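It should be emphasised that the depicted structure is a prediction, and the values quoted were computed from it without experimental measurement. Here, residue 1 is the first one in the sequence, and each next residue gets the next number.
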Amino acid sequence: MIKFLDIQKITSSYEPELSESVKKVIDSGWYLQGEQVALFEKEYATFIGTGNCIGTANGLDALRLILKAYIQLGIMEQGDEVIVPANTYIASILAITDNGLVPVLVEPDENTYNLNLSLVEQHITKKTKAIMVVHLYGQICWNKDIRELADKYQLKIVEDNAQAAGAMSVSSVRSGALGDAAAHSFYPGKNLGALGDGGAVTTNDSELATVIRALGNYGSIQKYVNDYQGLNSRLDEMHATILRVKLKKLDDDNMHRREIAQFYMNHIQNTDVKLPLVDGSAQVNDQLGHVWHLFVIRHRKRDLLQKYLADKQIQTLIHYPIPPHQQKAYPQLNHLTYPITEMIHREVLSLPISQVMTIDEAKIVASAINTFNLSVHC
Ligand SMILES: *Cc1c(COP(=O)(O)O)cnc(C)c1O
């Protein structure tokens with residue numbers, strides 16, 4: 001059986017340091033707003049390359065808090081528009097609507113699956129206040145024009161970096177330090193995963209950071225003095241210490257994912273399968289802009305391929321089966337059509353990949369895909 005993601009094996013790859021660090025927190029008797037969170041925030045800010053990092057309870061809250069802080073600062077107000085890819089995990093959009101802002105969905109590029117940056121300008125209106133870029137599947141979504149565009153129309157760039165922890169752009173800036181503020185998720189399945197929920201905001205904007213920190217702490221900077229109507233959304237000491245242990249290995253872990261991805265690229269030879277395209281090249285090992293949170297292929301008989309692999313004891317997942325604009329939660333978006341987004345949702349399949357997966361396992365997956373034959377199996 002090849003698991004999609006062997007979380008247990010991932011966790012044990014950090015032992016015994018992981019359990020030792022947790023034990024220290026248990027024994028310390030201090031579980032919130034302590035030394036471990038302060039140290040993690042400092043180390044993660046340094047790793048990402050921003051002046052500030054604020055731990056949050058999860059990635060969705062990190063996104064929500066960024067937008068809430070912009071509203072609090074008078075930079076945005078209810079009814080303003082945020083441009084966001086139509087092809088993303090629902091959380092990107094939930095953060096926008098939760099703040100009374102309006103998501104304006106834009107089609108992705110059909111090769112990278114990331115927001116098609118050349119379509120952004122035509123969607124900008126007087127109400128547009130931000131562009132949310134999502135580094136989907138672990139690949140950076142960025143080019144030099146996007147900053148110029150944001151400056152021209154005075155827009156904020158918010159990065160949803162939930163899937164791309166550790167990715168490095170061609171200009172050697174990490175995702176999370178490219179835009180004005182970025183949200184990170186430490187959900188267990190993410191590249192930098194906690195053993196439960198966790199998240200963070202990174203930003204170079206110190207004023208924004210101060211407001212976000214207060215908003216995540218009941219709206220309070222000084223205990224029992226409340227400047228804002230905030231939330232309770234904090235990273236705790238236990239998770240901070242776990243993340244500190246795992247952060248040290250993140251670059252190595254991501255490099256291992258690149259090796260698995262490269263193996264798939266070299267060995268999946270089925271003409272009905274569309275492999276991922278990275279900066280127009282199939283050479284992935286030296287491409288630091290992709291951390292391979294997911295290795296996503298496309299096949300027009302995706303469901304049959306998934307079943308075929310399941311019969312061979314290979315677990316795969318679909319990211320994602322229903323696009324946000326077709327979800328019941330968003331009746332106001334249901335009348336819209338996004339052909340590229342919809343095609344992606346019909347055809348994508350995520351293969352097993354992780355920092356602990358072996359090349360032998362990847363070999364089994366690649367061979368199985370190569371023996372899937374449309375004329376025989378469909
Ligand atoms: C995981 C994820 C989130 C939300 O993060 P949580 O920590 O699960 O709340 C947001 N956006 C994207 C693209 C994600 O993959």
Side-chain angles (χ1 to χ4, degrees), residues 10 40-53 59 62-63 66 85 88 92 108-109 111-115 117 131-148 150 157-187 189-193 199-205 243-265 276-296 353-355 357:
I10 290 173
F40 172 71
E41 289 178 341
K42 199 157 159 268
E43 289 160 8
Y44 198 62
T46 303
F47 175 83
I48 295 292
T50 52
N52 308 276
C53 170
L63 281 171
I66 291 169
T88 182
S92 317
D109 177 295
N111 293 308
T112 64
Y113 313 126
N114 267 332
L115 178 63
L117 295 173
I131 305 166
M132 187 182 287
V133 294
V134 182
H135 307 302
L136 200 69
Y137 305 152
Q139 178 165 213
I140 289 187
C141 175
W142 195 258
N143 66 18
K144 58 174 172 34
D145 305 337
I146 194 77
R147 173 50 72 193
E148 280 171 29
I157 303 179
V158 176
E159 299 175 71
D160 180 339
N161 196 45
Q163 302 194 357
M168 180 85 86
S169 76
V170 279
S171 48
S172 292
V173 177
R174 288 203 199 253
S175 58
L178 292 161
D180 295 291
H184 305 257
S185 165
F186 307 126
Y187 174 82
K190 299 284 160 77
N191 287 36
L192 177 61
V201 174
T202 54
T203 179
N204 280 316
D205 182 341
L243 291 165
R244 289 185 69 213
V245 171
K246 296 181 81 170
L247 178 60
K248 289 188 278 185
K249 270 189 72 196
L250 182 59
D251 277 335
D252 287 345
D253 285 347
N254 285 339
M255 203 48 90
H256 184 81
R257 286 173 178 269
R258 288 189 188 100
E259 279 162 29
I260 300 292
Q262 183 72 69
F263 185 89
Y264 280 150
M265 290 291 205
L277 194 74
V278 185
D279 291 337
S281 146
Q283 207 56 37
V284 303
N285 259 339
D286 50 1
Q287 305 249 10
L288 302 181
H290 204 323
V291 292
W292 299 99
H293 172 58
L294 298 169
F295 190 95
V296 177
I353 190 164
S354 78
Q355 62 265 53
M357 188 177 175

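- Contact check on Asp180 versus Arg147 returns a salt bridge, with a Lys/Arg side-chain nitrogen under 4.0 Å from an Asp/Glu carboxylate oxygen.
- Contact annotation: the side chain of Val291 approaches that of Arg258 to within less than 4.5 Å [non-hydrogen atoms, C-beta and beyond].
- Using a 4.5 Å heavy-atom cutoff, the side chains of Ile353 and His256 are not in contact.
- Minimum heavy-atom separation, Ile140 to Ala167: CG1-CB, 3.6 Å.
- Rounding to the nearest 0.5 angstrom, the gap separating the CE atom in Met357 from the CD atom in Glu259 is 13.0 Å.
- Looking at every heavy atom in both residues, Ala62 comes nearest to Ala183 through CB-CB, 3.7 Å.
- If you take NZ on Lys246 and CZ on Arg244, they are separated by 15.0 Å, rounding to the nearest 0.5 Å.
- Applying the side-chain contact (heavy atoms from CB on, under 4.5 Å) test between Val201 and each of Asn52, Thr50, Asn161, Ile66 identifies Ile66 as the sole match.
- Taking every heavy atom of both residues into account, Pro85 and Met132 meet most closely at CD-O, 3.3 Å.
- Donor-acceptor pairing under 3.5 Å is recorded for the side chains of Asn191 and Asn254.
- With rounding to the nearest 0.5 angstrom, the CG atom of Leu192 is 8.0 Å from the CZ atom of Phe47.
- Contact check for Tyr264 versus Trp292: no side-chain heavy atoms found under the 4.5 Å cut-off.
- Contacts of Asp109 classified as salt bridge (Lys or Arg N to Asp or Glu O under 4.0 Å), with partners at least two apart in sequence or in another chain: none.
- Ala261 and Phe295 make their closest contact through O-CE1, 3.6 Å (heavy atoms, listed as atom of the first residue, atom of the second, distance).
- Looking only at side-chain heavy atoms (C-beta outward), Thr88 and Gln163 stay at 4.5 Å or farther from each other.
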Under the side-chain contact (heavy atoms from CB on, under 4.5 Å) criterion, do Leu243 and Tyr44 qualify, and how do the steps go?
-> CA-CA 9 Å; Leu243 291 165; Tyr44 198 62; over 6 Å; no
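- Atom NZ of Lys144 sits about 11.5 Å away from atom CG of Leu117, to the nearest 0.5 Å.
- Closest approach of Ala164 to Ser175, counting heavy atoms only: O-OG, 3.1 Å.
- Here the side chains of Ile157 and Leu178 are not in contact, with every heavy-atom distance at 4.5 Å or above.
- Under the 4.5 Å side-chain criterion, counting only non-hydrogen atoms from C-beta, Ile131 is in contact with Ile146.
- In this structure, His135 contributes its side chain and Cys141 its backbone to a donor-acceptor pair below 3.5 Å.
- Scanning for salt bridge (Lys or Arg N to Asp or Glu O under 4.0 Å) contacts around Asp205 gives an empty result, with sequence neighbours left out.
- Side-chain contact check for Cys53 versus Ile48: every heavy-atom pair is 4.5 Å or farther apart.
- Atoms OH and CD, from Tyr113 and Gln139 in turn, are 10.0 Å apart once rounded to the nearest 0.5 Å.
- The distance from atom CE of Met265 to atom CD1 of Ile260, rounded to the nearest 0.5 Å, is 13.0 Å.
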